[in-house]
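Down below is the structure, laid out as structure tokens.
Order of listing sets the numbers, starting from 1, for every ligand and every atom in it. Please read these numbers as outputs of a predicted model, since none were measured by experiment. For the numbers below, each heavy atom of this structure counts, side chains included, while hydrogens, waters and symmetry mates do not.
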Amino acid sequence: MMESLSNHAPNPGVRTPGAVAGTIEVICGSMFSGKTQELIRRLRLCGIARQKVEVFNSALDVRYGRNHIISHDLSKIPSHAAKTSHEVLEKVDPATQVVGIDEVHFFDEGIVGVCEALANQGRRVIVAGLDQDYKGEPFLITARLMAVAEFVTKNLAVCVVCGNPANKSQRLTHTRKRIEVGATSKYEARCRRCFAK
Ligand code: ADP
Ligand code: MG
Ligand code: ZN
């Protein structure tokens, strides 16, 4: 299969000798921890390596229009919006070598099997998503993906209260919906000590 797929690891300098099967990489952490930035960085490197890359985001995430993923420092790359995990599988071009998915926790539970199917087809799958909700409870989709992934990166943000490393997303509004899509002003990064449930 495609020679370029031997470059598997998040660090492009690290190669898996002789590997032809695909892999799953998970980039997780709180809001503002640089998940999207890191996803974009890895996907851009694939582009430099002339690999065919496709990026998906959930159609639920309408924050910035549906045809880009964008980080808080405003770097962005084009993406396809998908309503369901099945749609991701259907929309992937047969020639695509690297599949990126941002905000993976927005998808239905089928996304775990879809990522496995894409990796089993020999593709490099890179997903980014929240590991915990605003209560500090795990997002099961991200947890499951971490369990089956070859590579897991856990990012930390900076606690806006004390400046320590932060792994929690503090919700600043009073809604109880688990997912509140919207302005980043509704959340801030907090460390374990400064996080108020
Ligand atoms: P995520 O996708 O994890 O929400 P992004 O990749 O979109 O994060 O954005 C990360 C960027 O957010 C950082 O590089 C920094 O410029 C900015 N930022 C704003 N607030 C914080 C914070 N409290 N801690 C860390 N980075 C922050
Ligand atoms: Mg993000
Ligand atoms: Zn703190």
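Listed by number with element, the atoms of ligand 1 under 4.0 angstrom from any heavy atom of V160 are 23 (N). Within ligand 1, counting atoms from 1 as listed, the ones closer than 4.0 Å to a heavy atom of A157 are 24 (N), 25 (C). Under a 4.0 Å criterion applied to the non-hydrogen atoms of T36, ligand 1 contributes the atoms 2 (O), 6 (O), 7 (O). The contact set between ligand 1 and S71, taken as ligand atoms under 4.0 Å from a residue heavy atom, comprises 5 (P), 6 (O), 7 (O).
Of the protein's non-hydrogen atoms, F32 O, 3.1 Å is the one closest to atom 25 (C) of ligand 1. For atom 15 (C) of ligand 1, the closest non-hydrogen atom of the protein is Q37 NE2, 4.9 Å. Looking at atom 17 (C) of ligand 1, its nearest protein heavy atom turns out to be H72 CB, 4.3 Å.
Residues F107 and F139 are members of separate hydrophobic clusters, defined by side-chain heavy-atom contacts under 4.5 angstrom among Ile, Leu, Val, Met, Phe, Trp and Tyr. No continuous path of ILVMFWY side-chain contacts below 4.5 Å connects V88 to I126, so the two sit in separate hydrophobic clusters. Residues V26 and V125 fall within the same hydrophobic cluster, defined by Ile, Leu, Val, Met, Phe, Trp and Tyr side chains chained together at heavy-atom separations under 4.5 Å. When hydrophobic clusters are built by joining Ile, Leu, Val, Met, Phe, Trp and Tyr residues whose side-chain heavy atoms come closer than 4.5 Å, directly or via intermediates, V158 is not grouped with F32.
Proximity of A189 to ligand 1, defined as any heavy-atom pair under 4.0 Å, is confined to the side chain (atoms from C-beta onward).
Any N or O atom pair closer than 3.5 Å counts here, and K35 shares at least one such pair with ligand 1. Considering backbone and side-chain N/O of G34, one or more are found under 3.5 Å from N/O of ligand 1. No N or O atom of D73 sits closer than 3.5 Å to an N or O atom of ligand 1.
With a 6.0 Å radius and a threshold of 12 heavy atoms from other residues, nucleotides or ligands, K52 has its NZ atom above the threshold.
Of the listed options V158, I70, L74, V158 places a heavy atom closest to atom 24 (N) of ligand 1.
Under the 4.0 angstrom criterion for non-hydrogen atoms, S30 is in contact with ligand 1. Under a 4.0 Å heavy-atom criterion, S33 is in contact with ligand 1.
Between SG of C191 and SG of C162, the angle at the Zn ion (ligand 3) works out to 110°, rounded to 10 degrees. Rounded to 10°, the angle formed at the Zn ion (ligand 3) by SG of C194 and SG of C159 is 110°.
Residue contacts to the Mg ion (ligand 2): M31 brings no N, O or S atom closer than 2.8 Å.
Taking the side chain as every heavy atom from C-beta outward, V127 and E103 never approach each other to under 4.5 Å. Between V92 and L89, every side-chain heavy-atom pair lies at or beyond the 4.5 Å cut-off.
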Show your reasoning for whether side-chain contact (heavy atoms from CB on, under 4.5 Å) applies to E109 and I141. CA-CA 6 Å; E109 285 182 17; I141 286 174; 4.2 Å; yes

Apply side-chain contact (heavy atoms from CB on, under 4.5 Å) to the pair R41 and S75, showing each step before the final yes or no. CA-CA 10 Å; R41 186 185 77 88; S75 76; over 6 Å; no

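Counting only N and O atoms by type, the side chains of S30 and N167 include no donor and acceptor under 3.5 Å apart. Side-chain N/O atoms of D108 and S85 include a donor and acceptor closer than 3.5 Å.
Protein heavy atoms come within 4.0 Å of atom 27 (C) of ligand 1.
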